[in-house]
Amino acid sequence: MNLPDTFIIHDEVQTALNERRPVLALESTIISHGMPYPDNLDFARLAEHECREYGATPATIAILDGRVHIGLNEGALEKLARGDGIEKVATRDLGLIIARCKSGATTVSATMRLAYLAGIQVFATGGIGGVHRGAEQTGDISLDLKELGETPVIVISAGAKAILDLPRTLEYLETAGVPVLGYQTDEFPAFYSRKSGLSVAWRVDSPEEIAAIFREQLTLSLTVGLLVTNPVPLQFEIPATELNPIIEKALYECEQLGIRGKAVTPYLLGKIVELTAGRSLATNIQLALNNIRLGAAVALALTR
Ligand code: PSU
Ligand code: MN
């Protein structure tokens, strides 16, 4: 594929792509805007380590000084974790950030698009953005959903964050034509919790099935993503009953402070870490690592 000259593909990633070995894309907003320093740096390193352990080359994606990096070195991870001058970059911000030679951490939407352009088919994150509660009034719907409806990449997530309006998020995904698969579950997981009370469209039980479904989508030239939802491991989940009052409190304070737009999700995640005395951070890290393990297995299945 002919890549724009603003792209810098890490040697290790380029070699893996050339040799048709499994590559897994990882996002950077979860590092810069989703977790506090220095836990986020430990997470970023562990994420890449876990990916390798499970047989795939990690390609963490971010923009540094106007260059799109597909695969990062240790210095870049450190810079993203510290977060100074690091913008939160969704697909709509890509042109501006690159044109102005700025640095940014990519969200699910931007990471999907850049992974696709770089020829990477699988991407593991924590949880996708979605329709926010109260979107009837605010109209706040994450660009992640639109991107899922437009870009053929497999996204492995722990569902959507419980801070969102999950029924409306699922309705949006249906309208956008995005298949929502439950990995070894019939229920749509709610990020910190394994259950949401909502059903997924289809259940799958192996990485091979996921790879087979994606191949058929490509054969049909369907230009949509494939959303895989993978529940947080039982020992790390925070049950919804326990979390709901905390989410209510975080949402209330967010509203009181008048926080809007792209600052909402980072604020809520940070507030929940504070209100759970760090427990939600441990859960966030574990669910993301769990997604990386599955993502590596799916990337491997796609090479067979
Ligand atoms: N998953 C996490 N932590 C995060 C995010 C996802 O475990 O911080 C980020 C992703 O980058 C996602 C973004 O795309 O939150 C959604 O932001 P918004 O609601 O502003 O679209
Ligand atoms: Mn938003």
Side-chain angles (χ1 to χ4, degrees), residues 25-37 39-40 43-44 46-47 60-63 80-81 83 86-94 104-115 123-135 137-149 151 153 155-166 168-169 172-173 189-193 225 227-232 236-238 250-251 254-255 259-273 276 280-292 295:
L26 303 172
E27 62 148 312
S28 44
T29 291
I30 188 173
I31 302 170
S32 301
H33 306 280
M35 295 178 187
Y37 183 84
D39 305 81
N40 59 355
F43 165 75
L46 196 54
T60 306
I61 295 180
I63 302 173
L80 287 163
I86 305 291
E87 303 284 345
K88 177 178 165 189
V89 181
T91 306
R92 73 160 181 171
D93 308 305
L94 286 170
T106 50
T107 66
V108 168
S109 68
T111 308
M112 269 186 91
R113 185 67 68 106
L114 297 173
F123 159 37
T125 179
I128 59 161
V131 178
H132 281 260
R133 296 192 197 178
Q137 257 95 52
T138 62
D140 191 348
I141 299 174
S142 175
L143 186 51
D144 293 356
L145 300 185
K146 183 168 180 280
E147 193 67 44
L148 277 160
T151 301
V153 166
V155 179
I156 317 279
S157 71
K161 295 179 203 74
I163 54 178
L164 301 166
D165 184 332
L166 297 182
R168 282 193 170 85
T169 299
Y172 187 112
L173 288 166
F191 196 67
Y192 302 114
S193 319
L227 180 62
V228 178
T229 64
N230 183 30
V232 58
F236 299 111
E237 95 161 324
I238 308 179
L251 285 166
C254 186
E255 163 113 50
I259 292 166
R260 292 266 184 279
K262 67 200 237 178
V264 169
T265 298
Y267 173 81
L268 291 174
L269 290 173
K271 195 72 199 173
I272 293 169
V273 171
T276 59
S280 72
L281 177 59
T283 299
N284 196 346
I285 290 171
Q286 292 302 326
L287 65 83
L289 294 175
N290 191 47
N291 293 339
I292 289 167

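Counting starts at 1 for both ligands and their atoms, in listed order. One-based numbering along the sequence shown. Predicted model only: the values in this text are computed from it and were never measured.
- Of the polar atoms of Ser109, none of the N or O atoms is found under 3.5 Å from an N or O of ligand 1, judged by distance alone.
- Look at Gly127 and you'll find a heavy atom under 4.0 Å from some atom of ligand 1.
- Contacts of Asn284 with ligand 1, taken as heavy-atom pairs under 4.0 Å, involve the side chain alone.
- Put simply, the side chain of Arg133 gets close to the backbone of Leu164: a donor and an acceptor are under 3.5 Å apart.
- Considering only non-hydrogen protein atoms, atom 21 (O) of ligand 1 sits nearest to Ser142 OG, 2.7 Å.
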| Test side-chain hydrogen bond (donor to acceptor under 3.5 Å, both in side chains) applied to Ser157 and Thr229, step by step | CA-CA 5 Å; Ser157 71; Thr229 64; 5.8 Å; no
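- Of the heavy atoms in His132, only side-chain atoms (C-beta onward) come closer than 4.0 Å to ligand 1.
- The distance from ligand 1 to the heavy atoms of Leu269 drops below 4.0 Å at these ligand atoms: 3 (N), 4 (C), 8 (O).
- Every atom of ligand 1 is numbered from 1 in the order shown, and the set under 4.0 Å from a heavy atom of Thr265 is 15 (O), 17 (O), 18 (P), 19 (O), 20 (O).
- Residue contact check: Asp144 has heavy atoms under 4.0 Å from atoms 12 (C), 14 (O), 16 (C) of ligand 1.
- Counting protein heavy atoms only, atom 17 (O) of ligand 1 is closest to Lys88 NZ, 3.2 Å.
- In terms of protein heavy atoms, atom 11 (O) of ligand 1 is closest to Glu27 OE1, 2.7 Å.
- Remark: side-chain polar atoms of Ser28 are not paired, donor with acceptor, to backbone N or O of Ala105 under 3.5 angstrom.
- Judged by distance alone, the side chain of Thr29 and the main-chain N or O of His33 form no donor-acceptor pair under 3.5 Å.
- Here the side chains of Phe191 and Asn284 are in contact, with some heavy-atom distance below 4.5 Å.
- Side-chain contact annotation: Ser193 with Glu237, donor-acceptor N/O pair under 3.5 Å absent.
- For the ligand labelled ligand 1, residue Lys161 lies inside the 4.0 Å heavy-atom shell.
- Side-chain atoms of Asn40 never come within 3.5 Å of backbone atoms of Ser32 as a donor-acceptor pair (strictly under, hydrogens ignored).
- In this structure, the protein non-hydrogen atom closest to atom 3 (N) of ligand 1 is Ile30 CG1, 3.5 Å.
- Looking only at its N/O/S atoms, Asp140 has OD1 as the one nearest to the Mn ion (ligand 2).
- Considering Val108, Thr151, Leu114 as possible partners of Phe123, the one that fulfils the side-chain contact (heavy atoms from CB on, under 4.5 Å) test is Val108.
- Near Thr107, with a cut-off below 4.0 Å to any heavy atom, the atoms of ligand 1 are 11 (O), 14 (O).
- Looking only at atom types and distance, the side chain of Thr125 has a donor-acceptor partner in the side chain of Glu27 under 3.5 Å away.
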